[in-house]
**Student:** 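I have a structure I would like to understand better, so I am pasting it below and will then ask my questions one at a time.
Below, chains carry the letters A, B, ... as their sequence lines are ordered, and counting in each starts from 1.
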Amino acid sequence: MASFKKTQIRSLPKIGQKVTADTLYWRKLNFPVTVKEFGPIDYIDVMPIEPYFIAVSSAAKVQIYNPITHQVHRHFTRFKEAAYGASIRSDGKLVIAGCDEGHVKLFDIGSKSLLRIFKGHKGPVHRCKFTTDNVHVVSFSDDKSVALWDLPSETEIIKFSEHSDYVRAGCVSSISSDLFLSGSFDHTVKLYDARSPTGSTISVDHGSPVESVLMYPSNSIFVSVGGTELRVWDMLAGGRLLARVSQHHKTITCLHLASDGKRLVTGGLDRHAKIYDVQSYQVVHTLDFPSPVLSLGITPDDFTVVAGMANGLISMQHRQTQAEARALNPKQSLKVQKKSQTAYRFRLNADFRSVNRTFNPATDVEVATKTDTNFVSRYDMFLRKFQYSKALDTVLTPYIRKKKPAITVGVMHELIRRNGLKSALAGRDDSSLSSILTFLARNINDPSHANIIIQVANTLLEIYESSSLTPQSEKLFLQLQEHVNREVEYVKHLMEIEGMLHILLASTTTQARRSSTYVVQGSPVKPMLPSAAAAANATMIFNVG
Amino acid sequence: MVKMANKKTRGPDKTQANTSDIVVKKLDDATDIVRQPPVFTNDSKYICIASGRQIGIYSVESADKVHSLEEHTFDVIGLAIKDDNILLSCDASGETIEWNINNGTTLKKAPLVVAGIKEFHSFHYPGNGKVLVATPSTYTTNMSSLWIVDSHTRPRKLFADIKSTPHSIAFGCNQGNGSLVVVALQDHSVVVKDITNGVDKKHMTDQRKFTCVALHSEKLIMATGDISGRILIWHDFVHKSRPVKTVYHWHTLPVNSVCFSSEGEYLYSGGSEKVMVKWRLGMSRKQFLPRMGSSIKYIVNAPDNICVATSHSDNAIRFIDSTNKINRAIIGLVKHDPIRGFADTEPIKESVMPTGLVFDPRSHGIFFNAQAGFLQLFDPQKNSLIFNMDVANRNVLTDERNLVIGNAEVLRVAVSPTGEWLATLEVWSNMSAGYHDMNLKFWRYDAVQANYELNTDVTMPHQDRVTALCFQPGLLGTEMPCLVSIGRDLKFKIWRLVDDTDIYRQKESWSCDVAGDFRKLTPSALSFSEDGSLMAIAFQDTVTLWDPTSINLNTTLSHTLVQEPIELMEFGRDNCFRYLVCASKSALYAWDVISQGLVWKVGQLHSSVRCLVPDPKSCYMAAVLQNSEVFVFSPSSSKPVHSVPKMNSSEPIAALFVPRPNPLASGPEWLINSRLLIVDDQQEFLCVDDVSSAGFNQKLTTPISHMDSLPWTPFSAMKAEKQISAAKQLVPVVHQTSGIQGYKSVQSLLETSASALPPMSRICSLFMSDLMIKHGPKAVTAKVNSVDRTSTDLPLSNGHIDSKTQDFSEETTLQKLLTLDCQWLVETVK
């Protein structure tokens, strides 16, 4: 005996944002904790090792925050004017920061003491970085130069002055201590090798002032942002442009890698942070902030996302822990808990109260075989019994007909197939008739269900055209008519617009043809090779000529 | 032997094939097993089933075939168990054979002699050497006369003008005196005869026609079913002229079969509702077994009363155990019930087997219709059903008494060239409601699960009936497959597999890429060239050639000589790739797509061409006419290489060339690698094959003898006599169909006025390179048939690879009728 096949409910996919693994992942960030600073947040750097301290440079100080307590752990204020681009060494012991007077200052985080001052730049230093070997420092200055310093001897090793405008972006390679990258307001991004002091090895044109650059951990690709564009460059191919992504509508200011280098995050003045997949450069999620984002920091475990904004706000968001999630949404967590519970599947044979011997799970526990409860919905039950009116009644309850109209339409479709629609619709009283009529009026404009709804409406009219109706039902029939009329008007409008578009399209194609003719005539170099578009009517072209 | 075969296949057999070697065979194994009711053996361990000329003995426990008894030369009309292990069978010519059930051997053969009658309808064996046979009635057609044949006395006619179905005759014993009681059905009455006592009775009820009758095994109780679904139980009907009747009425449709259980406590009945009802006699209780899959034809009870077998119209016999559950089934090749409501408006093919035969390159099986909404895959080599697949996935709906309720039917099937994709089109339409529903489904074969998975379901792919579906052949594995559908809404649509991949999941689905039409004409036929580079769509009498990748109209072909709408169209294969064979109602003709001329035409056919099938392994093509004539021809010429005269009264529905596993040792070229399979309107399979090949039972492997020259050692046994690698280098075939090399350059040079031409030094190299024949590694040289090419005035070059497909200017109709020869057909027939 073949089992009864369920009625097919044809549900179309919903248009709109899909819930993906990434949106779920990034949605788990808690409500942000905000701290107000006095000036715009210039730069945020995250300590690469635990406890993931966050160095924030704003106005004339550098502060190191504890990401868990949100408290200031250390702050360094030995700057006359603004401090820029504080960056923590990979071992988490030293911090370096540039400043307006053109110095680069090195502090010990533990003792707060100023250890070194690298003097030599003539303009403010906006970014500075430790190289991978931890004994060199690279600084990027507004005097259009990039300098490499020796940390122990406090001396300048090499200086590149190739840029023609402020250098406001820079990063170092994570593999080689000799490679570093600079981005400047002169639209170029340059790659330097300290071993070749003659000049930059790669120089690429970004097309707008470069705000931030980033080198992938593999060191084969680097990314630059500036203007509203993100550009991806192939380092191994000598600076070949791999991708151009423009997802922000205002200047992109900062760049960060997240999720172990699988996601790229950009923040911009449009108050958004976009998260990209690094393979396809598709945006997988967007984070919103209250004011323009100037700097971003994400801890390596994605636990904390810190954003610095133009109005001096620092927002710190934590990832929800399981306990928090449970506390926030007790209903859902209960459901999850229930699902994972296996207690019902087991039954103890031994009576608990009288157990006085050792418990043997092999013999005392009886595992109930999982019975596949083949759930049959009510309408299927009635359809199976050929009770068509009742089946239709069950899907006309307010909940189903409003929230899940696909089910109602699916059952109506099945009734049409079974030739039982007439008997299901006939002999209805006022209230049930009104529920059908309101359903039809509501859904007759839906193109995905229209053909079935129209069929049902026709049958309904056929049945009730001669019977006397109450004023209420009559009103509803008129309402249905009005809906249909409106839809007809609407479709007429659309067809008019389509016709106009056809005219436009037709005129453009003829113009394109004429212009291609012109090109063929105007280029005497290759008269024998018409373009692909012109090839179709090649004979015509030559006749014109 | 092997060497010879290879030589033959390599060099085409030029000699005219001896046509007498080619025979048309009927495939017996594929016949249905439900034409006659099955018979249980006395110990209920085996069940005997008649299928055509064969009798199969199956184990009830496992539903496996134990013996196949093949001695009859005509269709078996009745089976009976004579003794504990002796089976008695009778065929339509009256020959009776006794078989030993245990070992399947023949015990005795004897002809039935009944007043010189040569044809028999049904056969029953009440016991004691008496035999009941039904013969055609002398006066009325479709009626039978019932005779009793005894070894001692002359055959005696019991009844005249009774119904000829197997279920209209029943026999039993009169308990009172042990005499034989025979009952038979006439349209509105039941006739009863007590043989020993000579009592005759005729019972009538009302105007409802009887359909089936059964007798209780112990008591004198008779059950009859009628067309209104009513079952009557008659008590003491032999002696009383107005017997007491009990009415059991549950069925709404005619009762097809009634059967008493062996102990007589229950009555089973079944009909087209697909429900078996188990009545308890004398009580109002009844049990149902619903959704049995297909309408019930016969119900047979096992003597031990444990098992009931039901024969269904989908060619299956199902066993129902005592808990009222189906636990086993013997399934044969399913016959498709003709679609009702189609018969009057559509050709017969559309209602009997709308999908036709579709070859599956993956399994080497054939797809065609099973029961409504199902599709079956049949293995022609092993002659067995591979699987039966539910395409519609809907509950099977049954008719109501005065209302035909249709089910979803699979109308079109297409298989991708690699066999990975299966496209099915199912249609459900309600003529009375004026509503129809159409679904185009794409299934992907999952090699791990070994089944097809639904990938995409498109609702209403066309606004009207879809005429044809075809996958683009010749694509490499890396390219996305492509399907073309044409419909009566005047559109053709191109469906492509779209990679819906976002970063989260690999997901592919099919979507409509292009929808096009041509001058608001109805597309009627569709064909791809073998390499997939050219798509031909016939719009009434015009053939349009399209480039499938860019959907540019390359050219249109039409001619004043051929103005009937094209019904069938196929590209030639192999070295006839340039020919496009079209069939209209009364003519068959071929276009040359390179020179764009009509090559030949055969007009005034005896009847219309029903199928046009190309052989995938050679250049030949077969045309099957409606009157079952078959012509095999090469598309390059109108002369057939073989023709099969009219076979019998049956009408062909579909045909297919099925590749052979091993090439034939000798025979005409078109038969070496494949054979032609034809299905007629009774859904019987016919095979046009060489007489030397053993048909469907041929061995799949050719024995290889060891070399005689070497002494036989264990090592010599390891060395193969001949090493053949079956792995073929896959070289995509590309046909040059884009016209004449450099023709365009020459023409443009000539058409441009001399004053407008650039300096000769500039264009010279370009012009020369256009004229050059570029030899690629995959070049295929087209054989230019000198016979057909005599009168072309254009310089024809050999085929070559050209990276840039040249577009024809629209509407070039270089109509050149080269040979016009319509006489061969008339001659061959007469």
Side-chain angles (χ1 to χ4, degrees), chain A residues 1-8 10 12 18-23 262-263 276-284 380 383-384 386 413-414 416-422 448 451-452 454-456 458-459 521 523-530 532 534-545, chain B residues 274 276 288-293 318 320 324-326 390 392-397 399-400 403-408 428 430 432-435 437 457 459-460 501-505 550 552-553 744-745 747-753 756-759 762-763 766-767 770 804 806-810:
Chain A
M1 182 173 72
S3 58
F4 184 81
K5 288 167 191 158
K6 288 177 185 172
T7 306
Q8 289 179 12
R10 201 168 281 280
L12 292 171
K18 278 184 231 165
V19 177
T20 60
D22 266 282
T23 49
K262 288 188 191 112
R263 297 285 180 270
Y276 306 83
D277 175 46
V278 295
Q279 258 130 40
S280 60
Y281 295 100
Q282 281 177 341
V283 174
V284 295
D380 271 345
L383 282 175
R384 205 169 74 179
F386 298 87
H413 190 188
E414 182 67 21
I416 295 173
R417 280 169 46 82
R418 287 168 171 246
N419 227 336
L421 187 67
K422 224 172 216 176
S448 56
N451 54 350
I452 292 161
I454 289 168
Q455 182 75 28
V456 175
N458 282 340
T459 317
Q521 283 179 330
S523 59
V525 188
K526 283 181 179 175
M528 296 305 297
L529 281 179
N537 43 7
T539 45
M540 186 195 86
I541 294 160
F542 283 105
N543 288 341
V544 169
Chain B
K274 307 169 179 72
M276 191 183 81
F288 300 105
L289 183 59
R291 293 185 290 279
M292 293 190 76
R318 297 188 167 89
I320 296 133
N324 217 22
K325 291 220 169 65
I326 299 172
D390 189 355
N393 195 23
R394 296 269 192 183
N395 289 311
V396 180
L397 304 174
D399 291 346
E400 285 167 24
L403 202 61
V404 172
I405 294 178
N407 281 299
W428 172 84
N430 187 341
S432 58
Y435 178 82
D437 220 13
D457 182 357
T459 317
M460 296 304 278
T501 316
D502 48 11
I503 58 168
Y504 306 105
R505 49 180 180 241
S550 62
N552 277 335
L553 180 63
K744 216 162 211 159
S745 316
Q747 205 184 21
S748 56
L749 187 73
L750 293 176
E751 282 180 1
T752 317
S753 64
L757 272 181
R762 282 223 180 124
I763 59 166
L766 278 172
F767 183 71
D770 263 2
K804 181 179 68 120
Q806 295 175 352
D807 294 304
F808 288 102
S809 58
E810 266 185 44

**Student:** Salt bridge (Lys or Arg N to Asp or Glu O under 4.0 Å) for B:Asp437 and A:Arg417? Distances and angles first, verdict last.
**Tutor:** CA-CA 9 Å; B:Asp437 220 13; A:Arg417 280 169 46 82; 5.5 Å; no
**Student:** Between B:Arg394 and chain A, which part of the residue has a heavy atom less than 4.5 Å away: side chain, backbone, both or neither?
**Tutor:** both
**Student:** Using every non-hydrogen atom in the two residues, find where A:Ile416 and B:Trp428 come nearest and quote the distance to one decimal.
**Tutor:** O-CH2, 3.8 Å
**Student:** Side chains of A:Arg384 and B:Arg291: does their closest heavy-atom pair fall under 4.5 Å?
**Tutor:** yes
**Student:** If we define contacts as heavy-atom pairs under 4.5 Å, which of B:Asn324, B:Asn393, B:Asp457 has the most with chain A?
**Tutor:** B:Asn393
**Student:** Relative to chain A, which segment of B:Asp390 carries a heavy atom at a distance below 4.5 Å: side chain, backbone, both, or neither?
**Tutor:** side chain
**Student:** Quick one: closest heavy-atom pair of B:Leu397 and A:Glu414, and the distance?
**Tutor:** CD2-OE2, 4.5 Å
**Student:** Using a 4.5 Å cut-off on heavy atoms from C-beta on, say whether the side chain of B:Glu400 contacts that of A:Asn419.
**Tutor:** no
